[in-house]
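Take a look at the structure below.
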Amino acid sequence: MCGIVGYTGPRQAAPLLLEGLKRLEYRGYDSAGIALVADGRIEVHKAAGKIGVLEKQLGRTLPAGHVGIAHTRWATHGAPNTVNAHPHTDCGGTLALIHNGIIENAGVLRTALTKRGHVFRSETDTEVLAHLIEEWLAQQPGGALVEAVAGALHQVEGTYGIAVVATREPDTIVAARRGSPLLVAIGTGENFVASDASAVLAHTRSVVYLDDGEIAVVRPAEYRILDVDSVEKEKAVTRVDWDLATIERGGHAHFMLKEIMEQPESLRDTLRGHLLEEEGTARLGGLNLTDEQLLQVNRIVFTACGTSWHSALIGEYMMEELARIPSEVEYASEFRYRNPIVDERTLVVGISQSGETADTLAALREAKRRGARTLGLVNVVGSTIAREVDGGIYLHAGPEIGVASTKAFTSQIAALAILTLKMGRLRALSILQGREVVRALGRLPQLVERVLAKAPEVEHIAERMMRAQNVLYLGRGYNFPVALEGALKLKEISYIHAEGYPAAEMKHGPIALIDDLMPVVFIAPKDAVYQKVVSNVEEVKARGGRVIAVVTEGDAGVARLADHKIEVPETLDLLTPVLTVLPLQLLAYYIAVRRGCNVDQPRNLAKSVTVE
C-alpha cells in the first residue's frame with residue numbers, strides 16, 4: 001500500500017524522486033523518505049507525516065546524487081514516525097532499502113540477526129531485509145548486489161515489492177516483487193522503478209511490469225529481469241496510454257470531486273465498443289471464453305473488497321434476474337480461508353479498481369487452483385489480476401487518485417451490466433429485453449450529467465448534515481448495496497459513523513437509534529420495491545427521524561415525507577444504482593469538506609490495499 005519510486009541516470013535524482021512521491025502519495029501518507037547514493041556513501045532523509053514535511057526538512061538545496069530511491073508509507077509494523085519511515089539501512093549504512101508488503105517471519109529473523117550482532121533501529125519488519133542483504137554481501141565480498149538480494153529474499157516469508165541501492169554498485173537499483181506491484185520504467189539513458197506508473201508518466205510511458213518472483217537489475221543504460229533461479233527473462237514492454245492531465249486535479253479542489261464529475265465520460269469509456277443494439281447483446285472479446293464455455297457455467301461467484309464488494313452485490317442481483325444464473329458474493333478476504341465449493345463449471349469474477357488488491361488476487365488464485373474459470377473486472381491495464389485471470393473486462397475509467405472510490409464504482413456497475421447482458425442473451429433473455437438494456441446503458445452518461453448538475457442542491461443539504469454524529473442509509477433491492485456504499489463513503493472521508501441497511505431490516509434493531517438528531521438517508525427510486533420503501537419512510541417519520549431521500553424525478557410519495565429530496569432521472573431498475581449513488585458521493589464529499597477533512601487522503605486509509 002506504500003509508494004515506491006527509484007531513479008538511476010544522468011540527472012539529479014532528488015527532484016525526480018520527490019516529484020514521483022507526490023504522484024504516489026495517495027498510496028500512503030504516514031511518512032516519507034529518500035536515499036541517495038553519492039561520493040561512496042548513502043544519504044538518507046526521512047520525516048513523519050506527508051511528503052510536504054519531508055520537502056520542508058530538505059529545504060531548497062536538495063541532496064546530490066544521480067541514483068536514489070524514495071518511499072511514502074502506509075504503516076503496518078511500527079508507529080508512523082520518523083524512525084520507522086523508509087528507507088531502512090544496514091548496520092554500516094552501506095545499503096538502503098524500501099519495501100511495500102509484510103514479512104511474516106520478521107520476528108524470528110530479527111531475533112536471529114540480533115544474536116549475530118546486528119543492531120535494529122526501527123520497529124518495522126522491513127529492516128530485517130536490510131540486515132539479511134548486509135550479511136550476504138559480507139559473506140561474498142566480490143558478489144553482486146542482485147545475488148545478495150536474491151539470497152535474502154529466499155529466507156523471508158510474506159509479500160514484498162522492494163528497491164535496494166548500495167555503495168558497492170553505486171549506479172544500480174535492484175528491485176523485486178512477490179505479491180506487491182512493481183515496474184521498471186524505461187527512459188533514454190535513464191531508468192526508473194516504481195510501484196505505480198503514475199510516478200513516472202512525466203518522463204516515460206514505456207514500462208515493464210514485474211511478476212511474482214522476478215528481480216530487476218536497473219542501471220542508467222540497461223535493465224535485466226531475472227527469475228527466482230537468476231535466469232534472465234525476456235519481458236514485454238507496455239506503453240501506458242494515460243495523459244498526464246488525467247492524474248492532475250484539473251482545476252478542481254480535490255481529486256475526489258474531479259473524479260465524481262468525470263463519471264459521464266468514464267461511463268462512456270467503459271461502455272464504448274461493447275453495446276450491440278440490433279442483436280440486443282454485448283461484445284466482450286476480452287473474456288477469452290467461447291459462447292459454448294459460457295453456457296457451461298452453472299454458478300457465478302463474485303469476489304471483492306470494499307466498494308468493489310458493493311458493486312459485486314449489484315452484479316449478483318443482475319445476474320440472477322436477467323441471466324437466471326445462481327450467483328453469490330464473497331468477501332475476498334474470507335474466500336480462501338474457507339473451503340469454498342467451486343469447480344470447472346463455476347465462474348469466479350474478481351473485481352478490483354487497482355487490479356492489485358491482495359485479498360482479491362489471492363481469492364482468484366485459490367479459485368483457479370480448484371479448477372474454476374476466472375474473470376477480472378479491473379481498471380488498471382497490466383495489473384496483476386489482469387495478467388493472471390483467464391479473461392475479463394477493463395473498465396477504462398481512467399486513473400482514480402482519490403482514495404475513496406467513485407468513478408470506478410459506477411464503471412464496475414456498467415461492466416457488470418454488459419457481462420450480465422452477454423450471459424443473459426446466451427440463455428433466456430429475449431432480444432427485445434436485450435435491446436431495452438442496451439438502449440438504457442447508452443443513455444446512462446447523459447442521465448449522469450443531469451444528476452451531477454444538482455451538486456449545489458446536495459451541497460445545501462450537506463450544510464444541514466455536517467454536525468451529525470450518526471447517519472443511517474436505507475435501500476431495498478438494487479439500492480441496498482447503494483445504501484452500503486453511501487455509508488462507506490461518509491465513513492471514509494468525513495469520519496462520521498454511518499451504517500447501510502436493507503430498509504425493511506431497520507425494524508429489527510436500528511429503529512431504536514432513530515431520533516430527531518439522526519439523519520436517515522433513503523435511496524428510493526420508482527422501482528419494483530418502491531411502495532415498500534414508502535412504508536419504511538413512514539416508520540422513520542413516525543419516530544421523529546429526519547429523512548433525506550434520493551427519489552425519481554416527479555416523485556410524490558417519498559418526496560412528500562422527506563425533509564430533503566434529491567431527484568434522479570428514471571431508468572431501468574438494474575441501472576438505478578449508477579444514478580442514485582451520485583448524490584451520496586457528493587453528499588459525503590461536501591460534508592467532509594465542511595468538516596475540514598482531507599478528502600483525498602483520509603486518515604488510516606490508502607488507495608491500493610496490497611497487504612492482507
| query | Can you tell me how far CD of Glu259 sits from CG of Asp600, rounded to the nearest 0.5 angstrom? | reply | 7.0 Å
| Separation between CG of Leu416 and CD1 of Ile393, rounded to the nearest 0.5 Å | 7.5 Å
[X] bridged to [Y] by N-O distance under 4.0 Å:
| X | Y | value |
| --- | --- | --- |
| Glu278 | Arg435 | yes |
| Glu279 | Arg425 | no |
| Asp527 | Arg476 | no |

| Given Arg370, which of Asp343, Val348, Val342, Thr346 fulfils the side chain to side chain contact (heavy atoms under 4.5 Å, CB included) condition? | Val342
| message | Could you walk me through whether Glu388 and Arg365 satisfy the salt bridge (charged side-chain N to carboxylate O under 4.0 Å, His left out) test, starting with their C-alpha distance in whole Å, then the side-chain angles of each, then the deciding distance to 0.1 Å, before giving a yes or no? | response | CA-CA 8 Å; Glu388 292 199 10; Arg365 286 172 173 168; 2.7 Å; yes
| Please walk me through it: do Arg73 and Thr124 pass side chain to side chain donor-acceptor pair (under 3.5 Å)? | CA-CA 12 Å; Arg73 181 177 184 237; Thr124 67; over 6 Å; no
| Geometric class of the Trp309/Tyr331 ring pair [parallel <30°, tilted 30-60°, perpendicular >60°] | parallel
| message | Over 60° means perpendicular and under 30° means parallel, so tell me whether His99 and His86 are parallel, tilted or perpendicular. | response | parallel
| request: Applying salt bridge (charged side-chain N to carboxylate O under 4.0 Å, His left out), run through Arg338 and Glu330 and close with a yes or a no. | output: CA-CA 11 Å; Arg338 296 170 46 241; Glu330 294 269 6; 2.7 Å; yes
| Glu334, CD atom: more than 12 neighbouring heavy atoms under 6.0 Å | no
| What do the steps show when you test Asn100 against Ser180 for side chain to side chain donor-acceptor pair (under 3.5 Å), and what is the final call? | CA-CA 7 Å; Asn100 182 13; Ser180 190; 2.9 Å; yes
| Test log, rule side chain to side chain donor-acceptor pair (under 3.5 Å), inputs Thr357 and Ser352 | CA-CA 6 Å; Thr357 308; Ser352 165; 2.8 Å; yes
| message | In the structure I gave you, are the side-chain heavy atoms of Phe409 and Lys489 within less than 4.5 Å of one another anywhere? | response | no
| Glu320 vs Ser327, side chain to side chain donor-acceptor pair (under 3.5 Å): CA-CA, chis, key distance, verdict | CA-CA 6 Å; Glu320 292 195 340; Ser327 303; 4.6 Å; no
